[in-house]
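Input: a single structure, listed below in C-alpha cells.
Count residues from 1 along the sequence. Because the structure is a prediction, the values reported are computed rather than measured.
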Amino acid sequence: MRMLLIRHGQTPSNVLGALDTAAPGAGLTALGQTQAQAVPTALAAERIAGIYVSGLVRTHLTAEPLAAVTGLTPRAHEGLNEIAAGAFEMRRDPEAVHAYVDCAERWARGELDVTLPGGESGHEFRHRYEQALRAVALNHPEDATVAVVSHGAAIRVYAAIALAHDPAAVENRSLNNTGMVTLEGHLDSGFALRDWVEHPVGGAHLTGDTEHDVTADPDAAPQGVSA
C-alpha cells in the first residue's frame, strides 16, 4: 500500500510552541486553513482511495478540502493521534519541550521503553499507530493509495521506526505543517520511503514561522534536540 502521511495545517499551539496533544486540540490558524486548501491541488495526480484522520480536530479541518474535491468521507482513528505529552500537556517552557522532544528522539533511535511522565511508552505508541494503519489497509486493495492526516511528531517517529533499517533516511528531517511522508509497502514485510516533503505540499511559501514549532523543525527544539 502507498500511504501519504500528511501533517495537519498550522494551529495556534504550533505558533506558541505549546505541547497540544490531547483531544480535541486546537483548530487551524488562517495560514493553516490556506495550507489545507492547497492540499487537493498538490495531490491532484494521486488516485486517492481513502482519507483518514486522527481523533484531533485539526486533522479533520485539514482533510476537509481534500474530501470535498475527492468526494471521499474522512474516517477517524484515534490511533493516529499525536504522541501524548502526558504531564507536560499544553506546557511550552524549555524543560517540558526538551523532555518531549528528547523522548521522541529516543523512540526514533529504537529506545521504545522510554516513557514520558503521564504519557505512553514507545512500544505503546508503535502498537496503536500500527494498529490504526492496519485498519486503514484492511479497507483497500494492496495497490491503493491513501491519505492519512496525522501529526508532526507521530509521523516523524513512526517513519523512523518503520525505516529502522535506514536511519539516515529520516535523521534530522523536518516536517512542517501539511508536509508529507510517503511510505510504500506492507506493515508485515516493511516499508520503503518514497518521498519526504518537508515544507507544505502546496509550496514552501506556505511554511510560515516555525521558530517554536518543535514537532516540525529539529532546529526549533532546545539544545538542538530533534522531534
Side-chain angles (χ1 to χ4, degrees), residues 1-11 13-14 19-28 32 35-36 39 43 46 48-67 70 72-86 89 100 103-104 107-108 112 116 119-140 144-163 170 173 175-188 191 193 196-197 201 213 215-216 227:
M1 177 162 285
R2 193 160 179 264
M3 294 190 172
L4 311 178
L5 304 180
I6 305 165
R7 189 184 177 207
H8 60 79
Q10 186 191 66
T11 73
S13 296
N14 295 148
L19 295 170
D20 180 5
T21 69
L28 302 181
Q35 292 168 337
V39 170
L43 302 186
E46 301 284 355
I48 296 173
I51 301 173
Y52 296 84
V53 295
S54 78
L56 306 185
V57 67
R58 54 191 178 269
T59 63
H60 295 241
L61 296 174
T62 303
E64 282 181 356
L66 183 62
T70 61
L72 297 168
T73 300
R75 305 184 194 185
H77 200 303
E78 292 185 356
L80 299 171
N81 285 8
E82 181 60 291
I83 294 171
E89 182 68 18
Y100 185 84
C103 178
W107 288 2
L112 300 184
L116 280 173
E120 58 193 335
S121 72
H123 295 289
E124 291 168 328
F125 165 73
R126 178 178 185 172
H127 176 74
R128 56 102 162 164
Y129 211 85
E130 287 188 343
Q131 286 300 106
L133 295 182
R134 194 173 298 279
V136 169
L138 289 174
N139 290 326
H140 304 281
T145 295
V146 296
V148 178
V149 185
S150 185
H151 303 268
I155 294 173
R156 295 178 74 243
V157 170
Y158 181 73
I161 293 172
L163 300 167
V170 298
R173 294 266 198 165
L175 190 66
N176 293 302
N177 295 112
T178 63
M180 184 173 75
V181 175
T182 302
L183 299 180
E184 194 171 289
H186 194 280
L187 282 160
D188 295 326
F191 285 109
L193 178 65
W196 189 303
V197 182
V201 292
D213 189 359
T215 59

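Between Leu183 and Leu163, some side-chain heavy-atom pair lies under the 4.5 Å cut-off. Using a 4.5 Å cut-off on side-chain heavy atoms (C-beta onward), Tyr158 and Trp107 make no contact. Residues Leu66 and Ile48 meet the side-chain proximity criterion, which asks for heavy atoms closer than 4.5 Å. In this structure, Leu28 and His60 have side chains that are not in contact, with every pair of non-hydrogen atoms separated by 4.5 Å or more. A 4.5 Å side-chain heavy-atom check between Ile83 and Val157 finds at least one atom pair inside the cut-off. Side-chain contact between Thr21 and Asn81 is absent, with no heavy-atom pair separated by less than 4.5 Å. No side-chain heavy atom of Arg7 sits less than 4.5 Å from a side-chain heavy atom of Thr178.
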How far apart are the C-alpha atoms of Arg2 and Glu46, what are their side-chain angles, what is the distance that settles it, and do they pass the salt bridge (charged side-chain N to carboxylate O under 4.0 Å, His left out) test? CA-CA 10 Å; Arg2 193 160 179 264; Glu46 301 284 355; 2.4 Å; yes
Please evaluate residues Ile155 and Val148 with respect to the criterion side-chain contact (heavy atoms from CB on, under 4.5 Å), reporting the C-alpha separation (whole Å), side-chain torsions for both, the decisive distance (0.1 Å), and the verdict. CA-CA 10 Å; Ile155 294 173; Val148 178; over 6 Å; no
Set out, in order, the CA-CA distance, both residues' side-chain angles and the distance that settles side-chain contact (heavy atoms from CB on, under 4.5 Å) for Leu116 and Tyr100, then state yes or no. CA-CA 7 Å; Leu116 280 173; Tyr100 185 84; 3.6 Å; yes
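In terms of heavy-atom proximity, Ala159 sits nearest to Val181 at CB-CG1, 4.4 Å. Ala135 and Asn139 get closest at one heavy-atom pair: O-ND2, 3.3 Å. Listed here is the closest heavy atom pair of Tyr129 and Ala154: CE1-CB, 3.8 Å. Between Leu80 and Val53, the closest heavy-atom pair is CD1-O, 3.6 Å. Minimum heavy-atom separation, Ala63 to Val149: CB-CG2, 4.1 Å.
Note that CG of Leu175 is 10.5 Å distant from CD1 of Ile6, once rounded to the nearest 0.5 Å. The CG atom of Leu187 lies 5.5 Å from the CG atom of Leu133; values are rounded to the nearest 0.5 Å.
A donor-acceptor pair under 3.5 Å is absent between the side-chain atoms of Arg58 and the main chain of Gly27, judged by distance alone. Panel note: side chain Thr62, backbone Ala36; no donor-acceptor pair is recorded below 3.5 Å. Checked by atom type and distance alone, the side chain of Glu184 never pairs as donor or acceptor with a backbone atom of Leu193 at under 3.5 Å. Side chain of Gln131 to main chain of Gly79: no donor-acceptor pair is present (N/O by atom type, distance under 3.5 Å, no hydrogens or angles).
Every residue two or more places apart in sequence or in another chain was checked for a side-chain hydrogen bond (donor to acceptor under 3.5 Å, both in side chains) with Thr145, and none qualifies. Under the side chain to side chain contact (heavy atoms under 4.5 Å, CB included) criterion, Arg126 pairs with Leu112, Glu130, Ile161, sequence neighbours left out. In terms of the side chain to side chain contact (heavy atoms under 4.5 Å, CB included) criterion, residue partners of Ala22 (sequence neighbours excluded) are, by chain and number, Glu89. Under the rule for a ring-ring contact (aromatic ring centres under 6.0 Å, His included), His127 has no partner lying at least two apart in sequence or in another chain. Partners of Arg75 under the salt bridge (Lys or Arg N to Asp or Glu O under 4.0 Å) rule, at least two apart in sequence or in another chain, do not exist in this structure. With sequence neighbours excluded, no residue satisfies side-chain hydrogen bond (donor to acceptor under 3.5 Å, both in side chains) with Gln35. In this structure, the side chain to side chain contact (heavy atoms under 4.5 Å, CB included) partners of Val201, at least two apart in sequence or on a different chain, are Val39, Ala42, Met180, Val197. Qualifying ring-ring contact (aromatic ring centres under 6.0 Å, His included) partners for Tyr52, counting only residues two or more places apart in sequence or in other chains: His140. With sequence neighbours excluded, the residues satisfying side-chain hydrogen bond (donor to acceptor under 3.5 Å, both in side chains) with Asn14 are Thr11, Asn177. For Glu124, the side chain to side chain contact (heavy atoms under 4.5 Å, CB included) partners two or more places apart in sequence, or in a different chain, are Glu120, Ser121.
A donor atom on one side chain and an acceptor atom on the other are not found under 3.5 Å apart for Thr215 and His151. A donor-acceptor pair shorter than 3.5 Å cannot be found between the side chains of Ser150 and Ser54.
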